[in-house]
J.: 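Quick one: the structure is below, questions incoming.
Residue numbering restarts at 1 for every chain, and letters A, B, ... go by the order of the sequence lines. Values in this document were obtained by computation on a predicted structure and should not be read as measured data.
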Amino acid sequence: MAFKQITSPHAHAAQNTSKVMQLVLWATVPGLAALTIQFGWGSLINVVLAVVTAVACEAAILKLRKRPVAFYLQDYSAVVTAVLLGLALPPLAAWWVVVVGSMFSIIIAKQLYGGLGYNPFNPAMVGYVVLLISFPIQMTTWITPLSLLPDGVSHPGIIESLGIVFSGYSPADGVTGATPLDVFKHSSGLVVDQIYESNPLFSQAAFAGVGWEWVNLGFLAGGIVLLATRIFTWHGPVAMLAAIAMMSLLFWDGGSSESPGSPLMHLFSGASMMGAFFILTDPVSSAVSNRGRLIYGALIGVLVYIIRAWGNYPDAVAFAVLIANFAAPFIDNYTLPRTYGHTDRRRATEKEED
Amino acid sequence: MRSTWVTPGGVHPPENKHQSLTMPIGSLPIPEKLLVPLSQHIGAPAKACVKVGAKVLKGQKIAEATGAVSVPMHAPTSGTVTAIEDRPIAHSSGMSAPCIEITSDGKDTWIDHKGVADFEHASPQALTKTIADAGIAGMGGAGFPSAIKLSPGHRRPINTLIINATECEPYITADDSAIRERAAEIITGIGILSHILGNPVNILIGIEDNKPEAIAALEPHVADTGISVVSFPTKYPSGGEKQLIYILTGKELPSGQLPADAGMVCINIGTTYAIKRAVVNGEPLISRVTTMTGNACGINRNYETLIGTPVSHMLAHSEFNEHACSRLVMGGPMMGFSLTSAEVPIVKTTNCILAPSYSEIPDDEPAQACIRCGMCAEACPASLLPQQLFWYSQAEDHDRLEAHNLFDCIECGACSYVCPSNIPLVQYYRHSKGEILKAREEKVKSDHARERFEFHQQRMEQAEKDKEAKRAARREAAEKAKATVAANAGTAKEGTGPAPGSAADIIAAAQARAAAKQVSPEEQQAKFERSIAGAEMRVQMATDKLVETNAKQTEDQKNILNAALEGAKQKLEQAQARLAEHVKKHSEQVK
Ligand code: SF4
Ligand code: SF4
């Protein structure tokens, strides 16, 4: 009788990377649904377009690198990157914007660094920032939320949307508009209460900003599911959201004309929730230990707020995440957990304990 | 209820313990041939003390312990020694090692043996010796000689005795079933341990709460004994020594220390039973409870198995279906190692033979990339960062590995268990540990070699220096002598020549120049000096002779000698005068 030699452990949990990625994809559904309801078909088209491009690019590069294409595509990581990018892009963006962004994410930000697990930067955010810098107009044109559309105007239907995306004619007047963060960026001179009264984005909102509050709630719901299934730990997301809340409380300034906005507005606007649960939780490019992820998350939160409040861009999750990606190895160096039987934490470069 | 502490990390693999608990502990027919490896424990292998062809009785010593950390081996049944040679043994690398083969005579005749019933009156030393002679080594897995654990030395009084009944690995029920059926004897065994260790204040039986029957079996026997049965939530790996100590006491064993350093002794519960049998019944360790389980076997149960029983014998009596079996594992599914052959024997540490079907434990899926998800870090009971260890292990960055405390990894496999990318992490760690140890050894070796070389070099240099010093000393002496002579010359010409000191200086300077240039004035001077030295010698000789003759010779002879002395003195004066003149002239030239 001869038997195979296999190293321990022999038992394995049922979890595998493809399943993890698929679960992340499912968790984006509430957010995507909210985006579609509030802003029309654009986000869905973005997502599909991005996924097709990303998978094609991934397959092509794997082939070039002489790797088993099917085996690596199975991990669904390209799909996750593409979906996140598609969700982040403005609905009804021109098709080439989406395609260029996805190609950049997969080819440059992921595969050139060695593929899954080796990319130091979040691929989706690299793609996003490249687009934001290259095509600022396209990237800052948002759709007006459903309930604020002028009478008699509605979001373009699916066919019309496809037409807009692929042939590039602009949507009807009144369909595009400012986001809550835009409003605060360009509202010098008004105190917060005045903004809230004068702008329907706020006056008709339940608690943060019309449309956006629902989108953020959607991503929050998906994130909670992922937390509950232990796909990631709470440290990063909670640290980021807490940091945003703290910063906006600190600089709330009693709602004066200098105030960059309330904590609730910041938490439920722009890409806050999506960033907290779907972007900074990208494990590959984040800090490693739980303590490290607390610092990493907090850093992103603070950066997001700083750029929103005093920077040139209304939203800042992508920039903040990329900057924190840079800092991750440094954070790791100082945040090793204390090992059983050791009195002190070490630095990653110290061989001896002092 | 005593409080317990919660370790970080850990996993909950399916327990799969019920399959082997449906029947009581059984026994197998005596196999025709038994194979007793000489090394079944940590430490030096035992040395065979029987010859091929010898008749042995059950329980007879067949191999002696060698050295301090070692245990003897005993014949598991009566029969004949038919071979003493290398055979494949159960080892993760599938290696061969020296074994004693015993062909059973089927009679199973015991050697005369006798125990001590009232062990309370025996000295701890005598009891420890009995345990050592019975060949008892930790039966929970590592196989550390138990007698050594029980002799912690006077510097380290033991205040806590921990009995490990955790059995946290899935599938294994050897300890569980032994406790259910042999609780009284186990408690006696613990009593012996307590007596040997001077009655520690705390005696704790640590057991996971998934063994309620075992706990219930122990409870009546521990009443009024001071022994506490402490149960705690089931989690793998609670049975690691370090983990169990933390769970029961809330104390962490400092890295690199033994439990005894912290006043604790940790003994597996199966071992306490063997200790009871050794002390009270006088039986050496020749059998143990081993779980036979897995879906590739029709019968799943525990057997009281003779040490040396081939695994194939066990399988043959358990309705084993080779084609259904995905792998054969000795030990549990988390830390056990796969066997390539079923001919290897059961040893003192074998708590389980697992023969799973393909649906139970399928072949490993190919590893995917590490996505750094951190699930491994969440599962690690030692609070390591397995993903970083993996990364640096691939990069063979030994410094970083040590900085990340690779050597605190207990190889429990919890990280690989949860890894969604199916990365065989533990395999990487074992490999890296091996590499680092090898590198360390090589460093020690090369350090030795370097030291030897440096020492040799130093000796050579020293010898050279000594020689040089001798040469220098000789040279200096010669120069001093010359200088003295020159000074004398100066004195002789006092008033006309330069002052003695300066004369000597000048001579020295001239000599230096002479050495450098070898020009005639210098040579001349050297010649003068030589003649002065000769004259001086002659004067001295004449003076000596004169002193001699003064005592006993005639006046005539004295006169002759006086004349000779006078002549010699004159010659000396002449020579000195010539030298002084030469020096003066020469020094003027130099000016
Ligand atoms: S569990 Fe596996 S994939 Fe996840 S970080 Fe650890 S090693 Fe990497
Ligand atoms: S095998 Fe080592 S690194 Fe992995 S979980 Fe166990 S102790 Fe931690």
J.: Please give me the minimum heavy-atom distance between A:Ala11 and B:Met334, naming the atom from each residue.
T.: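 That closest heavy-atom pairing would be CB-SD, 4.2 Å.
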J.: Which heavy atom in A:Pro283 sits nearest to a heavy atom in B:Cys373, and how many Å separate them?
T.: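 Closest approach of A:Pro283 to B:Cys373, heavy atoms only: CB-CA, 3.5 Å.
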J.: Using non-hydrogen atoms and a 4.5 Å limit, figure out which bit of B:Glu360 sits close to chain A: side chain, backbone, both or neither.
T.: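 Neither part; nothing is under 4.5 Å.
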J.: When rounded to the nearest 0.5 angstrom, what distance separates CG in A:Leu116 from CD in B:Gln368?
T.: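 That separation rounds to 8.0 Å.
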J.: Where is the tightest heavy-atom contact between A:Ser8 and B:Val426, given as atom of each residue plus distance?
T.: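 So the minimum-distance heavy-atom pair works out to O-CB, 4.0 Å.
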J.: Non-hydrogen atoms of chain A under 4.5 Å away: do they reach the side chain of B:Ala367, the backbone, both or neither?
T.: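 For B:Ala367, the contact with chain A is made by the backbone alone.
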J.: Atom CD in B:Glu378, atom CZ in A:Phe232: separation rounded to 0.5 Å?
T.: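 If we round to the nearest 0.5 Å, B:Glu378:CD and A:Phe232:CZ are 12.5 Å apart.
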J.: Among B:Leu339, B:Leu401, B:Leu425, single out the residue with the greatest number of heavy-atom pairs under 4.5 Å to chain A.
T.: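 Among the listed options, the one with the most contacts to chain A is B:Leu339.
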J.: Given the options B:Pro170, B:Pro254, B:Pro356, which has more heavy-atom pairs under 4.5 Å with chain A than any of the others?
T.: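 So the answer, after comparing B:Pro170, B:Pro254, B:Pro356, is B:Pro254.
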J.: What distance do B:Glu365 atom CD and A:Thr17 atom OG1 have between them, rounded to the nearest 0.5 Å?
T.: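 Rounded to the nearest 0.5 Å, the CD-OG1 separation comes out at 10.0 Å.
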J.: So with a 6.0 Å cut-off around CZ of A:Phe330, is the heavy-atom count from everything else above 12?
T.: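 Not buried by this count: 12 neighbours or fewer within 6.0 Å.
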J.: If you count heavy-atom pairs under 4.5 Å between each of A:Val288, A:Asn290, A:Val20 and chain B, which one has the most?
T.: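 Top count of heavy-atom pairs under 4.5 Å with chain B: A:Val288.
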J.: Among B:Ile371, B:Leu384, B:Ile361, single out the residue with the greatest number of heavy-atom pairs under 4.5 Å to chain A.
T.: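 Highest number of pairs under 4.5 Å: B:Ile371.
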J.: Report yes or no: does A:Tyr340 contribute a side-chain atom to a donor-acceptor pair with the main-chain N or O of B:Leu253 at less than 3.5 Å?
T.: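 Yes, the answer is positive, given that a donor and an acceptor are paired below the 3.5 Å cut-off.
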J.: Given that the side chain runs from C-beta out, which part of B:Asp397 has a heavy atom under 4.5 Å from chain A: side chain, backbone, both or neither?
T.: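 Neither part.
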J.: Measuring heavy-atom distances to chain A, does B:Cys325 have an atom under 4.5 Å in its side chain, in its backbone, in both, or in neither?
T.: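 When you check distances to chain A, only side chain atoms of B:Cys325 fall under 4.5 Å.
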J.: Atom CG of B:Asn422 and atom CD of A:Gln15: how far apart are they, to the nearest 0.5 Å?
T.: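 B:Asn422 CG to A:Gln15 CD: 10.5 Å, rounded to 0.5 Å.
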J.: Surrounding CH2 of A:Trp26 (heavy atoms of other residues, nucleotides or ligands, distance under 6.0 Å), is the total greater than 12?
T.: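 No, not enclosed.
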J.: Can you tell me how the ring of A:His12 sits relative to the ring of B:Tyr417, calling it parallel under 30°, perpendicular over 60° and tilted otherwise?
T.: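 If you compare the ring of A:His12 with that of B:Tyr417, the planes turn out parallel.
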J.: Just wondering, are more than 12 heavy atoms of other shown residues or ligands nearer than 6.0 Å to OH in A:Tyr118?
T.: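 Counting other residues, nucleotides and ligands, OH of A:Tyr118 stays at 12 neighbours or fewer.
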J.: Measure distances from B:Glu411 to the heavy atoms of chain A and classify the residue's part below 4.5 Å as side chain, backbone, both or neither.
T.: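 No part of B:Glu411 comes within 4.5 Å of chain A.
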J.: With only heavy atoms counted, which part of A:Thr233 is less than 4.5 Å from chain B, the side chain, the backbone, both or neither?
T.: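 It is the side chain, since no backbone atom gets that close.
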J.: Please check if the number of heavy atoms outside A:Phe319 that lie under 6.0 Å from its CZ is greater than 12.
T.: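 More than 12 heavy atoms, drawn from other residues, nucleotides or ligands, come within 6.0 Å of this atom.
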J.: Between A:Thr339 and B:Glu252, which heavy-atom pair has the shortest distance, and what is it?
T.: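 Scanning both residues, the minimum pair turns out to be O-OE1, 4.3 Å.
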J.: With a 4.5 angstrom heavy-atom cut-off, which part of B:Ser326 approaches chain A: side chain, backbone, both or neither?
T.: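 Backbone only.
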J.: For residues B:Ala403 and A:Leu336, report the shortest heavy-atom separation together with the two atoms involved.
T.: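 It is O-CD2, 3.8 Å.
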J.: Using 0.5 Å steps for rounding, measure from the CG atom of A:Asn119 to the CZ atom of B:Arg372.
T.: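 It is 9.5 Å, given to the nearest 0.5 Å.
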J.: Less than 4.5 Å apart, any side-chain heavy atom of A:His10 and any of B:Leu354?
T.: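 No; the side chains remain at least 4.5 Å from each other.
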J.: Locate the shortest heavy-atom distance separating B:Met375 from A:Arg230; write the atom from each residue and the value.
T.: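 Of all heavy-atom pairs spanning B:Met375 and A:Arg230, the closest is CE-O, 4.0 Å.
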J.: Could you check whether atom OH of A:Tyr113 has more than 12 heavy atoms from other residues, nucleotides or ligands sitting under 6.0 Å from it?
T.: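 12 or below, so no.
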J.: Can you tell which of B:Gly413, B:Ser383, B:Cys370, B:Pro366 has the highest number of heavy-atom pairs within less than 4.5 Å of chain A?
T.: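 Going by pairs under 4.5 Å, I would pick B:Ser383.
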